[in-house]
Amino acid sequence: MSVTPFQQRVYDAVSLIPVGQVATYRGVADQIGCGSPRAVGQALKRNPFAPKVPCHRVISADLTLGGFQGDIEGPAVRRKVRLLESEGVSFREGRLAEPYRVYKFGRK
DNA sequence: AGTCGCCACGAAG
DNA sequence: CTTCGTGGCGACT
């Protein structure tokens, strides 16, 4: 499987997200030094390390769900929410209920 | 090799 | 709500 260095960075950063917390595409992008969260989204969509990387812990910057397994909505997203709630992250009406659960990557 | 279009976003209008 | 900007990648030429 061909994995570009950029994607490697993305997966590595996502792997750093602790259980019970979530990160935003923007946060990941900023952390790896990329100004385009969309690139991160693409990388996760193409995520060759599906179970290895907790892509379900990555949400949109405005605390909406974002997508999962290639869909921005549908059963996959439903599963994503359930997983997050399983880890202690609550969602309400498709949005993160507790914003303080957003992980800040070292926050510097 | 270069070029085009697409994307699970974000900020601005 | 809609539109533009941005960065990177797959597919086509």
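Note that the structure is predicted; figures quoted are calculated from it, not measured. Here is how names work: the chains are called A, B, and so on, in the same order as the sequence lines, proteins then strands, and each is numbered from 1.
Taking only side-chain atoms of A:T4, from C-beta outward, the nucleotide of C:dC9, B:dC9, C:dG8 with the closest atom is C:dC9. When distances run from any side-chain atom of A:R46 to the nucleotides C:dG10, B:dC9, C:dG7, the shortest one goes to C:dG10. Of the candidate nucleotides B:dA8, C:dG10, B:dC9, B:dA8 has the atom lying nearest to any side-chain atom of A:K45. When distances run from any side-chain atom of A:S60 to the nucleotides B:dG10, B:dC7, C:dG8, the shortest one goes to B:dG10. Taking the side chain of A:A61 as heavy atoms from C-beta on, and the options B:dG10, B:dA8, C:dC9, the nearest nucleotide is B:dG10.
Taking atom CZ of residue A:F68 and atom C1' of nucleotide B:dC9, one finds them 18 Å apart after rounding to whole Å. Rounding to whole angstrom units, CG of residue A:D30 and C1' of B:dC9 are separated by 14 Å. The nearest whole Å value for the distance from the CZ atom in A:F49 to the P atom in B:dA8 is 21 Å. Distance A:L65 CG to B:dC9 P: 11 Å, rounded to the nearest Å. B:dC9 atom P lies 14 Å from atom CG of A:L63, rounded to whole Å. With rounding to whole Å, A:Q42 atom CD is found 12 Å from B:dC6 atom P. One interatomic measurement links the two molecules: CD of A:Q31 to C1' of C:dG7, which rounds to 17 Å at whole-angstrom precision. Atom P of nucleotide C:dC9 and atom OH of A:Y11 are separated by 10 Å, given to the nearest angstrom.
Counting any heavy atom pair closer than 4.0 Å across all strands shown, A:I72 reaches sugar-phosphate atoms only and no base atom. Here A:T24 lies out of heavy-atom contact (under 4.0 Å) with every strand. A:R26 comes within 4.0 angstrom of the backbone, heavy atoms only, and of no base. Residue contacts shown for A:F6 are limited to sugar-phosphate atoms, with no base heavy atom under 4.0 Å away.
Between the side chain of A:Q7 and the base of C:dC9 there is no donor-acceptor pair of N/O atoms closer than 3.5 Å. On a pure distance criterion of 3.5 Å, a polar donor-acceptor pair joins the side chain of A:R38 and the base of C:dG5.
The hydrophobic clustering, which links ILVMFWY residues whose side-chain heavy atoms are closer than 4.5 Å, places A:V77 and A:V22 together. Linking Ile, Leu, Val, Met, Phe, Trp and Tyr whenever their side-chain heavy atoms come within less than 4.5 Å leaves A:V58 and A:L96 in two separate clusters. Residues A:V53 and A:I59 are members of separate hydrophobic clusters, defined by side-chain heavy-atom contacts under 4.5 angstrom among Ile, Leu, Val, Met, Phe, Trp and Tyr. No single ILVMFWY cluster, assembled from side-chain heavy atoms under 4.5 Å apart, contains both A:Y103 and A:L65.
B:dT3 and C:dA11 make up a base pair, with Watson-Crick or G-U wobble contacts both under 3.5 Å.
Distance check: A:Q31 CD to A:R9 CZ gives 12.0 Å after rounding to the nearest 0.5 Å.
OP1 or OP2 of B:dG10 has not a single side-chain nitrogen or oxygen of A:S36 nearer than 4.0 Å.
No more than 12 heavy atoms of other residues, nucleotides or ligands shown are found within 6.0 angstrom of CD on A:E73.
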